[in-house]
Amino acid sequence: MAYKYETVAADIRAMVASSLSPHQAIPSERELEATHGVSRLTIRHAIATLIDEGLLYNVHGSGTFVGSPTLFSKTPKLTSFTEDMKSRGHEASSRLLTMSREPASTETAHALGIPAGTECARLRRLRLADGEPIAVEDVRVPGPLLDIEEFTSTSSLYEVLADAGHEVYRAEQEIKAIALDEEAAHLLRVPLGTPALGVSRVSSDRRGRSIEYAFTLYRADRYTFQLAVTREADK
Ligand code: 16G
């Protein structure tokens with residue numbers, strides 16, 4: 001059973017989606033308390049959850065407002081696309097573009113630390129949030145780690161790999177700006193040349209064994225990365 005605050009959060013999410021624009025105020029805590037018939041504490045818990053997701057923001061003394069419509073990536077936690085979208089209140093889905101087994105190119109071999117020519121599973125997928133295209137993803141998984149016969153458009157790659165005993169534990173990433181080519185622009189339903197965030201990720205398990213080499217191209221108008229940084233202590 002859902003907690004009361006989750007029900008209230010879902011109601012506010014629906015209200016934002018159907019009738020509020022970015023930077024518009026949501027109803028006050030008192031109004032929400034009256035319309036939902038729950039305690040102020042429950043309302044605050046629901047609002048705090050939505051602020052955490054990046055859907056709302058609070059201005060001290062003024063109230064709570066609707067955030068801009070990007071899908072914030074708030075914390076540098078390692079997540080799959082499915083988990084990432086869920087934590088932001090969106091439902092992830094995929095469209096399989098191509099699925100094959102092919103020999104590792106020198107680039108893939110270098111990234112994964114395997115001999116060039118090693119057979120890899122390759123998946124190309126369009127990734128969507130609430131049915132809207134957000135990213136195009138091209139992933140290589142070395143050797144026999146992934147059984148592509150079993151992989152479907154509703155599978156989560158990280159879940160399938162974890163179930164087979166290959167849990168992704170750590171990843172190194174590089175993020176760069178890219179202008180979308182014709183195919184990616186068409187898939188993401190944006191004009192040719194629109195800027196995108198290209199993220200290369202090399203993931204490994206707890207023992208440091210490489211699991212995937214992925215390249216994800218996110219629509220820059222719908223997805224941002226936010227990182228917390230801390231100054232190193234003086235030596
Ligand atoms: C994310 C990962 C990607 C991984 C995918 C698995 C980044 C930059 N990339 O998109 O490397 O293959 O998740 O998602 O975060 P899935 O488990 O939902 O299929």
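Worth knowing before you read on, the calculation uses all heavy atoms, side chains too, and leaves out hydrogens, waters and symmetry mates. Whatever order the structure lists ligands and atoms in, that order sets their numbers, starting from 1.
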Answer yes if the side chains of [X] and [Y] hold a donor-acceptor pair under 3.5 Å, and no otherwise.
X: Y158; Y: D163; value: no
X: R127; Y: S94; value: yes
X: D205; Y: H166; value: no
X: T216; Y: E137; value: yes
X: E107; Y: S105; value: no

Closest approach of any protein heavy atom to [atom], naming residue and atom:
atom: atom 12 (O) of ligand 1; result: E212 OE1, 2.8 Å
atom: atom 2 (C) of ligand 1; result: R201 NH1, 3.6 Å
atom: atom 13 (O) of ligand 1; result: F81 N, 2.9 Å
atom: atom 19 (O) of ligand 1; result: L157 N, 2.7 Å

State the atoms of ligand 1, each with its element, that fall below the 4.0 Å cut-off from a heavy-atom position in [X].
X: A214; answer: 11 (O)
X: V199; answer: 8 (C)
X: S156; answer: 16 (P), 17 (O), 18 (O), 19 (O)
X: T216; answer: 9 (N)

When you look for heavy atoms under 4.0 Å from ligand 1, do you find them on the side chain of [X], its backbone, both, or neither?
X: E83; value: neither
X: V139; value: side chain
X: F215; value: neither
X: T82; value: both

Check against side chain to side chain contact (heavy atoms under 4.5 Å, CB included), F65 and L56: CA-CA 5 Å; F65 301 84; L56 303 177; over 6 Å; no

Check the pair L188 / L126 against side chain to side chain contact (heavy atoms under 4.5 Å, CB included), numbers first and verdict last. CA-CA 8 Å; L188 293 171; L126 178 66; 4.0 Å; yes

Do the two ring centres, one from Y57 and one from H23, sit under 6.0 Å apart? yes

Looking only at non-hydrogen atoms, which of R127, M85, E137 approaches atom 14 (O) of ligand 1 most closely? R127

Kindly indicate whether the side chain of Y223, heavy atoms from C-beta on, has any atom under 4.5 Å from the side chain of V199. no

Heteroatom distance test (R125, ligand 1): nitrogen or oxygen, under 3.5 angstrom: yes

Any N/O of Y158 closer than 3.5 Å to an N/O of ligand 1? yes

Salt bridge or not for E83 and K77, using N-O below 4.0 Å? no

